[in-house]
2 protein chains.
Amino acid sequence: MSRGYHQFCGLARALDLIGSRWALLIVRDLLTGPKRFSELQDGLSGVPTNVLTARLRELEDEGIVMRRAHERPGGGVVYDLTDFGRELEQPIMALGFWGARAMGPMHPDDHFSVDSLTLALRGSFRPEHADARPRVYDFKVEDRSLRARVADGRLVVPSDSTDEPDLVVEADADVLAGLFSGQLTLDVARKSGRLQLRGTKAEAARLLDMFRFPSYA
Amino acid sequence: MSRGYHQFCGLARALDLIGSRWALLIVRDLLTGPKRFSELQDGLSGVPTNVLTARLRELEDEGIVMRRAHERPGGGVVYDLTDFGRELEQPIMALGFWGARAMGPMHPDDHFSVDSLTLALRGSFRPEHADARPRVYDFKVEDRSLRARVADGRLVVPSDSTDEPDLVVEADADVLAGLFSGQLTLDVARKSGRLQLRGTKAEAARLLDMFRFPSYA
DNA sequence: CTGGATCCCTCACGATACTG
DNA sequence: CAGTATCGTGAGGGATCCAG
């Protein structure tokens with residue numbers, strides 16, 4: 001944000017640090033792992049490059065983001081969160097859940113980020129609804145794909161497991177949200193052609209039981 | 001914020017709703033009770049009146065804030081949170097705690113809001129450190145005063161109790177923060193003249209034990 | 001190709017003066 | 001007390017260009 005708030009207050013200080021436009025969305029995308037400049041640009045649906053550059057520099061100065069050399073040889077830099085930046089996970093989750101309740105149906109020109117789905121899964125995971133056997137799930141959403149693994153009551157997403165998935169779920173983002181929030185049933189979604197499943201219906205039902213999104217308008 | 005983010009994401013939606021400058025601080029001040037226009041203006045350290053007007057109208061359109069007629073006859077309107085707006089308490093607390101860790105010492109021209117202290121007390125209250133007997137505390141800080149009451153493991157602040165306070169604490173905001181975060185001891189603060197107490201030292205120690213602010217730089 | 005830098009334009013915000 | 005009116009500034013939006 002332009003000028004700071006100049007208040008002796010934790011919230012005001014937080015907004016001084018991450019209140020600028022795009023800042024918290026950058027942190028959101030970095031919560032799922034280090035990213036390159038252009039990956040951030042994609043996930044943020046066309047943020048101007050000068051603004052992205054400026055935000056990254058500010059976040060770096062504030063100790064929230066760090067630049068590192070890319071592991072792959074020859075390839076530029078990646079941006080990652082510091083420990084301090086990673087502690088934004090809980091505030092971001094809390095805000096995300098609050099905002100999710102006010103999401104309407106997906107608009108045609110709404111952007112969809114896999115990082116958003118990743119965090120939604122992490123935040124809505126209910127370990128007590130997972131059983132003993134490990135599971136691997138593949139989500140195919142809006143031309144993107146995401147793999148999740150559940151084992152020992154713990155969720156890892158994104159997962160780099162190479163096991164054969166127990167279930168492949170293909171649907172648009174709003175259909176997925178409708179399913180996980182309980183506002184849409186498996187049968188209705190499949191019969192209307194908005195959902196393709198590869199795997200048993202019982203596995204799908206178990207999956208939906210394992211995550212609970214807030215329902216929205 | 002100017003134009004929305006147009007993302008199908010709870011966080012992005014939340015920022016569409018309360019990402020504009022001053023918006024979240026307005027909600028913060030309303031979390032401690034309904035306020036008039038000028039009370040908000042005071043607590044927000046000189047936000048331009050046109051901006052405050054615009055924010056309040058936006059927040060009202062979004063279902064976060066509501067205008068009501070003031071109870072006292074003849075006297076204008078008050079602004080209050082809707083149920084949906086009140087659900088921002090947890091995200092705001094989470095952000096406030098995160099930001100508190102990055103607060104430096106108080107700068108001379110930093111503004112101090114009693115609402116900020118109120119929320120800090122609420123958020124850092126440790127009921128398991130309260131004992132059976134009810135207590136009333138008076139805080140006098142930067143020419144403002146705030147009363148808190150603890151009873152049955154529950155904290156009420158601001159409190160309208162008319163009981164005689166068990167302890168009166170008079171100090172500047174940063175001294176108070178230092179005490180509650182454990183970075184400053186009662187003895188040091190008193191001997192340096194930055195803290196005046198009316199009440200027993202044991203009561204003061206118990207008070208500090210009952211709240212735990214995050215420590216900062 | 002990635003990772004930006006530069007330019008221009010618009011509008012949100014800041015400051016202040018004024019009014020019902 | 002509770003805003004409205006006006007005007008200046010600078011952050012952000014968007015396209016294009018440049019360096020390794």
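Chain A is the first sequence line, chain B the second, and so forth, proteins listed ahead of strands; every chain is numbered from 1.
Residue-environment remark: CG (A:D152) stays at or below the threshold of 12 foreign heavy atoms within 6.0 Å. Heavy atoms from other residues, nucleotides or ligands lying under 6.0 Å from CG of B:D61 number more than 12. For B:R86, the CZ atom counts as densely surrounded, since its 6.0 Å shell holds more than 12 non-hydrogen atoms of other residues, nucleotides or ligands.
In this structure, A:Y5 does not reach the C:dC13 phosphate: none of its side-chain N or O atoms is under 4.0 Å from OP1 or OP2. One finds a side-chain N or O of A:R21 lying less than 4.0 angstrom from the OP1 or OP2 phosphate oxygen of D:dG13. Within the structure, a side-chain polar atom (N or O) of A:R36 is placed less than 4.0 Å from OP1 or OP2 of C:dG3. Close to C:dA12, at under 4.0 Å from its OP1 or OP2, lies no side-chain N or O of A:R3. When the side-chain nitrogen and oxygen atoms of B:W22 are compared with OP1 and OP2 of C:dG14, one or more of them lie within a distance under 4.0 Å.
When heavy atoms are screened at a 4.0 angstrom cut-off, B:T49 is found touching base atoms of the nucleic acid. Residue contacts for A:V47: at a heavy-atom cut-off of 4.0 Å it reaches no nucleic acid atom on any strand shown.
The side chain of A:F37 sits closest to C:dG4 out of C:dG4, D:dG3, D:dG13. Of the candidate nucleotides D:dA2, C:dG14, D:dG3, D:dG3 has the atom lying nearest to any side-chain atom of B:T53. Among the nucleotides C:dG4, C:dG14, D:dG3, the one closest to the side chain of B:V51 is C:dG14. Listed candidates were C:dG4, D:dA2, D:dG12. Nearest to the side chain of A:R55 is D:dG12.
Rounded to whole Å, the distance from CD1 on A:I26 to P on C:dG4 is 12 Å. In this entry the distance linking NZ of A:K35 with P of C:dG3 reads 13 Å, nearest Å. For the pair B:L25 CG and C:dC13 P, the interatomic distance rounds to 13 Å; values are reported in whole Å.
The base of C:dG4 is not paired with the side chain of A:N50 by any donor and acceptor separated by under 3.5 Å.
Between the side chain of A:Q183 and the backbone N or O of A:Y216, at least one donor-acceptor pair lies under 3.5 Å.
Looking only at atom types and distance, the side chain of B:S38 has no donor-acceptor partner in the side chain of B:R36 under 3.5 Å away.
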